[in-house]
Amino acid sequence: APAQAVTEIQWWHAMSGGNNDIVNKLAADFNASQSDYKVVPTFKGAYPDTMNAGIAAFRAGTSPHILQVFEVGTATMMSAKGAIKPVYQLMKDAGEPFDPNAYLPAITGYYSTSKGEMLSFPFNSSSMVMWVNLDALKKADIAEIPKTWPEVFDSAKKLKAAGYTTCGFSNAWATWANIEQFSAWHNVPIGSKANGLDGFDTVLQFNTPLHVKHLQTLTELVKDKTYDYSGRANASEARFGSGECPLFLTSSGYYATAKSTAKFAFTSAPMPYYPEAKGAPQNSIIGGASLWVMGGKKPDEYKGVAKFFAFLSDTDRQAKLHQESGYLPITKAAYEKTKASGFYEKNPTLETPLKELTNKEPTENSRGLRFGNMVQLRDIWSEEIEAALGGQKTAQQALDAAVTRGNAMLRTFEKTVK
Ligand SMILES: O=P(O)(O)OC[C@H](O)CO
């Protein structure tokens with residue numbers, strides 16, 4: 001009998017560096033594990049580019065089956081009725097085993113409706129950590145990894161004096177670091193209604209004295225490069241791996257690239273905090289991305305997608321993915337298995353984001369966030385941060401403008417979903 005045709009599943013993603021290799025390997029392993037479906041991964045550029053490409057393709061009727069969308073695109077995808085096939089529905093239709101309780105609640109909460117229906121598949125969740133060049137600390141005679149922001153500023157000055165002249169400390173993801181994670185970690189709101197999780201009629205509030213103080217300090221430290229700016233996304237993460245910036249806040253998922261590029265001893269530490277902020281550190285929130293299934297595909301293709309998601313959820317595969325990439329274990333079983341194996345004693349670097357996420361019981365300020373038009377909001381917020389760092393505005397003026405301009409954008413989004 002003639003061999004049955006293989007059904008292709010297109011997967012558009014935004015993973016570069018070490019994580020690109022991991023994505024290609026996952027697809028290859030799935031393809032080798034069965035002969036009915038072939039997952040074809042395609043790198044579509046950074047997160048915002050991949051998301052835009054997916055939306056444009058949907059409008060043109062040429063969308064992929066699976067689209068990787070960063071966490072800040074969640075509200076936009078959720079409200080794109082018809083463009084997406086909810087994951088809980090997909091798994092049910094395909095008859096694939098699927099238990100939403102198997103996944104870590106801090107992650108699924110992000111991608112589920114208030115009724116607990118999981119809309120997208122949590123693939124690569126991260127949190128933000130501070131990457132630390134241990135050789136550099138030694139060189140600058142710094143005995144302990146700095147824990148608070150004042151300690152970071154102090155260490156960065158010593159590092160600069162020890163030869164790290166162009167960058168004492170830095171961060172990727174300008175707003176993720178200085179607004180989103182900063183707020184959760186200090187238990188102050190980004191916006192009302194639990195940062196939008198409880199309703200799209202949320203109002204931004206991140207121009208508090210603590211936020212202003214932090215940005216104001218950065219505007220002073222940037223002048224002599226004790227702090228140096230590294231852009232809106234993560235293209236400059238390599239500044240840590242190259243040895244240029246010895247203290248660098250970015251995703252835990254930077255691990256896969258760090259371990260293949262850094263020629264020095266390094267580790268990750270929790271994000272710094274201001275000791276005077278009551279209750280800090282609180283808990284961090286997740287970042288990274290999830291896999292959205294696009295609407296309008298054939299039943300057989302959906303069956304293949306569901307099989308691929310079941311494949312991805314396998315405990316051993318999840319544990320390995322976590323241990324190699326630095327992204328979080330998505331399932332409880334994968335986390336337990338990694339812990340029980342003694343992995344974290346040997347690799348404390350990989351447990352930092354999990355410790356941050358579970359540091360305290362989340363509050364209204366630290367459950368997560370869901371703002372419409374968030375991709376555009378981030379651009380506005382980054383623009384204002386850049387204006388402050390460039391000396392065109394005071395920190396207060398910049399954050400006031402970020403809030404006002406952002407609120408206007410939120411009201412526009414509210415109208416489109418009503
Ligand atoms: O580098 P990632 O994949 O952990 O993503 C970081 C941010 O959450 C992106 O919005």
Side-chain angles (χ1 to χ4, degrees), residues 12-23 26 43-52 67-77 104 106-107 109-111 120-131 170-185 190 195-196 230-241 248-259 261 268 271 284-292 321-322 324-330 349-350 352-354 356-357 366 368-382 385:
W12 289 5
H13 68 86
M15 296 286 91
S16 52
N19 288 321
N20 184 292
D21 301 340
I22 289 177
V23 160
L26 276 175
F43 173 69
K44 281 287 180 181
Y47 282 135
D49 306 323
T50 300
M51 183 173 170
N52 289 337
L67 180 67
Q68 184 190 29
V69 177
F70 59 164
E71 89 288 23
V72 295
T74 303
T76 300
M77 296 303 288
L104 292 179
I107 298 172
Y110 225 96
Y111 299 117
S120 63
F121 182 82
F123 173 60
N124 60 318
S125 288
S126 64
S127 197
M128 180 166 250
V129 298
M130 180 169 71
W131 291 97
S170 187
N171 59 270
W173 301 111
T175 73
W176 195 39
N178 296 307
I179 295 176
E180 298 140 47
Q181 292 287 3
F182 181 88
S183 301
W185 200 227
I190 308 166
N195 297 330
S230 290
R232 301 179 180 188
N234 59 352
S236 301
E237 280 174 343
R239 298 182 80 190
F240 178 78
F248 198 94
L249 276 78
T250 190
S251 170
S252 62
Y254 175 59
Y255 178 70
T257 301
K259 82 172 171 218
T261 52
S268 73
M271 293 183 284
S284 68
I285 55 179
I286 65 157
S290 68
L291 303 182
W292 289 84
L321 201 56
H322 160 55
E324 288 180 350
S325 69
Y327 281 105
L328 306 170
I330 304 297
T349 306
L350 275 290
T352 308
L354 289 152
E356 287 180 326
L357 279 167
S366 66
L369 59 88
R370 194 172 293 157
F371 298 111
N373 285 337
M374 181 68 183
V375 183
Q376 294 87 332
L377 282 179
R378 266 195 177 169
D379 272 331
I380 290 179
W381 300 353
S382 301
I385 289 174

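Below, each value reflects all heavy atoms present in this structure, side chains not excepted, and no hydrogens, waters or symmetry copies. Counting starts at 1 for both ligands and their atoms, following the listed order. Position 1 is the first residue of the sequence, and the numbers go up from there. Here the structure is a predicted model, which means the values were calculated and not measured.
Under a 4.0 Å criterion applied to the non-hydrogen atoms of Gly287, ligand 1 contributes the atoms 8 (O). Listed by number with element, the atoms of ligand 1 under 4.0 Å from a non-hydrogen atom of Ser251 are 1 (O), 2 (P), 4 (O). Each of the following atoms of ligand 1 lies closer than 4.0 Å to a heavy atom of Arg378: 9 (C), 10 (O). For ligand 1, the atoms sitting less than 4.0 Å from at least one non-hydrogen atom of Trp173 are 1 (O), 6 (C), 7 (C), 9 (C), numbered in the order shown with element in parentheses.
A 4.5 Å side-chain heavy-atom check between Trp176 and Ser126 finds at least one atom pair inside the cut-off. Contact check for Lys44 versus Asp49: no side-chain heavy atoms found under the 4.5 Å cut-off. Side-chain contact between Leu354 and His322 is present, with at least one heavy-atom pair separated by less than 4.5 Å. Between Asn20 and Phe43, some side-chain heavy-atom pair lies under the 4.5 Å cut-off. Arg232 has its side chain out of reach of Thr175: every pair of non-hydrogen atoms, C-beta onward, lies at least 4.5 Å apart.
Atom CG of residue Asn171 and atom CG of residue Asn234 lie 11.5 Å apart, to the nearest 0.5 angstrom.
Here Met374 has no heavy atoms under 4.0 Å from ligand 1, in either its backbone or its side chain. Heavy atoms of Met128 found under 4.0 angstrom from ligand 1: none, in either backbone or side chain.
Closest to atom 5 (O) of ligand 1 among all protein heavy atoms lies Gly288 N, 3.4 Å. Protein heavy atom nearest atom 9 (C) of ligand 1, with residue, atom name and distance: Glu71 OE1, 3.4 Å.
Assignment of Tyr254 to the shell around ligand 1 is not supported, since no heavy atom sits closer than 4.0 Å.
The aromatic rings of Trp131 and Tyr254 sit perpendicular, their planes meeting at an angle over 60°, well past the 30° parallel limit.
Proximity annotation for atom 6 (C) of ligand 1: of Tyr327, Trp176, Phe123, Trp176 comes nearest, heavy atoms only.
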